[in-house]
Amino acid sequence: MEEVKLMKGNEAVAEAAIRAGVDAYFGYPITPQSEVIEYLMAEEPHKRTGMVVLQAESELAAINMVYGAAACGKKAMTSSSSPGFSLKQEGISYIAGAELPCVIVDVVRGGPGLGTIQPSQADYFQVVKGGGHGDYNLIVLAPATVQEMADFIELAFELAFKYRNPAVILSDGVIGQMMEKVVFSPQKERLTDEEVDKLYNSWATTGKKNGRERNIITSLELVPERQEAHNHHLQAKYKKITENEIRFETFNCEDADYLLVAYGSSARICQKTVQLAREKGIKVGLLRPITLWPYPSEAINKLADQVKGILAVEMSAGQMVEDVRLAVNGKVKVEHYGRFGGMVHSPNEVLDALETKIIGG
Amino acid sequence: MTEEIIIAGFGGQGVLSMGKILAYSGIMEDKEVSWMPSYGPEMRGGTANVAVIISDERINSPVLHNFDTAIILNQQSMDKFEESVNPGGVLLYDPNGIIHHPTRKDINIYTIEGANEASKLKSSKTFNMIVLGAFLKIKPIVKMENVLKGLKKSLPERHHHLIPMNEEAIKVGFEKIKEVQTV
Amino acid sequence: MAKVRGAIVVDTERCKGCNLCVVACPTKVIELNDIVNGKGYHPAFPARHEDCTGCMNCATVCPDMCITVYRLKPQK
Amino acid sequence: MSENILTPEEIIKTGELVFKKTKLMTDAELSYCPGCGHGVAHRITMEVIEELGLEEQTIGIAPVGCSVLAYEFMNVDMQEAAHGRAPALATGIKRVYPNKTVFTYQGDGDLAAIGTAETIHACNRGENITIIFINNGIYGMTGGQMAPTTLPGMNSSTSPYGRDVHTMGYPLKITELVAMLPGTSYVTRQAVHKPGLVRKAKKAIKKAFELQMENKGTSFVEIVSNCNSGWKMTPVESNEWLDKNMLDYYPLGDLKG
């Protein structure tokens, strides 16, 4: 039985990365996620597993270091917070285009611009809907607990390699900075160079050995017909991911008259709202998307047949609510509620919003 | 049992580590815990606060606007958090430096002369443990043996020799807490 | 006097007629052809092959790797 | 007398093959303009990889610019980078495979403008990589705009009346900058517009890769090259112009190591 630890979400990401057998972390400090690289530097994972940790000169450099290492078939990751994620967008588009597996953690803070260092969920658009150029999707996992911050590292790498696609862990300042109990999986061995060669021989650039043709990692295809074909290939892959990888959780939805939809720390807050509402005799349920892409549209659509109204709760001016509306397709009223710009809504505020915008509205 | 606590004061008073020790003590009792700080520039010299929840059940929202207990260690925090104590809840504060004392009539109010007692112990670092001791006197939500275990967990090994002094400080808090009003 | 003799083979379809080999040849062996290749360039060719020493200067400056060079060392 | 009557065919048949395209260049037709120095720089780089026996452990990185398609021509494992980011990719690769041979091949816009930070910091960390830097003083791929390395007074489509250093800044001597950094082991400036210079440049590239294999830090080879299309000259004229004008500002030779 593994020991129970009390840790910040950011530290849990770092420890989980070591345990998952990650080969390399490249990062650049930014509040509120600097504990990731601080923990890794202090922990000296090169001594524990041989994992490489490097502080890059910028977020741009960090994501491109991830590109280089990922293109060699290695498990590479980076982490940042909103302004830093914006900077990484260029590299992420290239990584998606070149179909490289990697993991990016975004511990979201308030914006726009330099914004604030306090928690926010206003990166939904730039993470879930792109932000970089071109038609691509990132697999997006939204942890709601410190335990999930740890667990999703391994899951994110598994999905990233399964589909050769970047995966993002979309967290926020609440989950990144709070401490909770966490139990880690046992240490996984890093793959050896030979294992990497064997597993990813068909694409990884590790030197063209054993008579194989050279491998090329690129996102460039100047012939538009071939670029379109590549895009079709990507879309087919995204379809497959959508069919297989949707993850979500429901609370008290069985008899719910009203539904809250929220992810990450907002989902935690909404759980309390559900409790407060039920104490008042209002039957409220909560659906918490765990994957933000692919999105649990079908599950929400089904619940729309049962409930009288839906409140999408997020720490933004209303981003995910668009996906809820698309899923519901006009069946019932869908409204948005959320504090933003670094403010965090309380369970009571959410309940008030539910009562005024949905039940009374 | 669920206890929702806010600890608020200046940076450097050991607010965050007090919360951490409390949270670790909860883990030692097999309870669910969460520790949610305010962070950033505030932590460097300004105010610092941390919300700690200890519960027998899975904790939902780590973010709270109302608390069962507020532990208040400076005037700004008093101004900010006096109103957020649940009716019938506890407000524990160090009167040292407090100009506007709490005025609410619907809560239980206690004081602990943490700063003064710490200087008597000739160690300002014991301040937060004295306050923690006072809190545990009012709300014995974790056993002393588990607090010591939690202390051990949250202190780096090179500081383990300080554990006896911290234990001493907790006991001082136990003894020196003063009741102002109970409801 | 026995002298080193060389010969070059120009891949005329690869050649882009840039003229750099012509200028680089110390013995003025190479010229550009009047005819054009499939890409529309006038490819290089050894107009005075008998003067080639196999020095490789042409191939060394050729950006398109169109020139292969052979050399025959003098026999006693 | 007998040698003189040998036909070229006989020489080809009986003589020694002294020069042929390295197998580490693919058969793909180079996408460069006629007379462009890129071809030579590609070739000598790959000849060095072949001669050092590094073919099976080399990973090269193509930039954005004219040589964006370098991976079509260089017959080793290759990655294509975002504009300016090649040294970051190289860092990522080398950190997870310290024993492999890693090089970037970058032009002046890529390396000395948009990628300045990546260049300086990779060199400053002393990443054990080799950087091949092609400086032709202009943005060739996008149609002849001003580069950070465009000479004072030199015309380009974005400095149509000549580069005015008072408003457009001075040509960036990034190689000199890089030579000042403790992380670099070998910094040199070469050219490929004359046969002798090509041979020297190849020696320099060889030394650069050898130092990489000895983990000596970053090795950096600038190659001053032509861009006859961008300069609006014939290939031969452009090489003459280069010789007359570029080398005063960018003198050839080793700067370090």
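Chain naming here is simple, since letters A, B, ... match the order of the sequence lines and numbering starts at 1 in each.
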Discussion item. Under the side-chain contact (heavy atoms from CB on, under 4.5 Å) test against F19(D), which residue among I67(C), V69(C), I8(C), T68(C) passes?
Written reply: V69(C)
Practice prompt. Answer whether the closest heavy-atom distance between the side chains of K39(C) and E29(D) falls below 4.5 Å.
Written response: yes
Worksheet item: Is there a donor-acceptor contact under 3.5 Å from the side chain of K16(C) to the main chain of Y32(D)?
Response: yes
Practice prompt. Answer with side chain, backbone, both or neither: which region of N239(D) has an atom nearer than 4.5 Å to a non-hydrogen atom of chain C?
Written response: side chain
Worksheet item: Tell me, do E16(D) and L72(C) make a side-chain contact under 4.5 Å, heavy atoms counted?
Response: no
Worksheet entry | Contact origin within C55(C) toward chain D - heavy atom pairs under 4.5 Å | backbone
Item to complete: Under 4.5 Å, counting heavy-atom pairs only, tell me which of G54(C), C18(C), C62(C) racks up the most with chain D.
Response: C18(C)
Discussion item. How close do P63(C) and C36(D) get, counting heavy atoms only, and between which atoms?
Written reply: CB-O, 3.1 Å
Worksheet item: Is it the side chain or the backbone of A28(D) that comes within 4.5 Å of chain C heavy atoms, both, or neither?
Response: backbone
Practice prompt. Any chance you could measure L30(D), atom CG, to R14(C), atom CZ, to the nearest 0.5 Å?
Written response: 5.5 Å
Item to complete: Could you list the residues that satisfy side chain to side chain donor-acceptor pair (under 3.5 Å) with Y71(D), not counting sequence neighbours?
Response: T218(A)
Worksheet item: Looking at CG of N19(C) and CG of N228(D), how far apart are the two atoms once the value is rounded to the nearest 0.5 Å?
Response: 11.5 Å
Item to complete: Check whether any side-chain N or O of R43(D) sits under 3.5 Å from a backbone N or O of T60(C) as a donor-acceptor pair, and report yes or no.
Response: yes
Discussion item. With chain C as the partner, which of E9(D), R199(D), H193(D) has the greatest number of non-hydrogen pairs under 4.5 Å?
Written reply: R199(D)
Discussion item. Quick check: closest heavy atoms across A7(C) and P8(D), and the distance to 0.1 Å?
Written reply: CB-O, 4.0 Å
Worksheet item: Is the backbone N or O of T7(D) less than 3.5 Å from a side-chain atom of R5(C), with the two atoms forming a donor-acceptor pair by type?
Response: no
Discussion item. Is it true that, when you exclude K173(D) itself, more than 12 heavy atoms of the residues, nucleotides or ligands shown sit nearer than 6.0 Å to its NZ?
Written reply: yes
Practice prompt. Taking heavy atoms only and a threshold strictly under 4.5 Å, list by residue number the residues of residues 23-31 of chain C that touch chain D; give 'none' if the list is empty.
Written response: V23(C), A24(C)
Worksheet item: So which part of C58(C) gets closer than 4.5 Å to some heavy atom of chain D, the side chain, the backbone, both or neither?
Response: neither
Discussion item. Between V22(C) and chain D, with a heavy-atom cut-off of 4.5 Å, which part of the residue counts as in contact: side chain, backbone, both or neither?
Written reply: neither
Discussion item. For the CD1 atom of I12(D) and the CZ atom of R71(C), what is their distance to the nearest 0.5 Å?
Written reply: 14.5 Å
Item to complete: Please state whether the side chain, the backbone, both or neither of K194(D) comes within less than 4.5 Å of a heavy atom of chain C.
Response: backbone
Worksheet entry | Distance, nearest 0.5 Å, that separates NZ of K20(D) from OH of Y70(C) | 8.0 Å
Worksheet item: Do you know the tightest heavy-atom contact between L20(C) and G35(D)?
Response: CD1-O, 3.6 Å
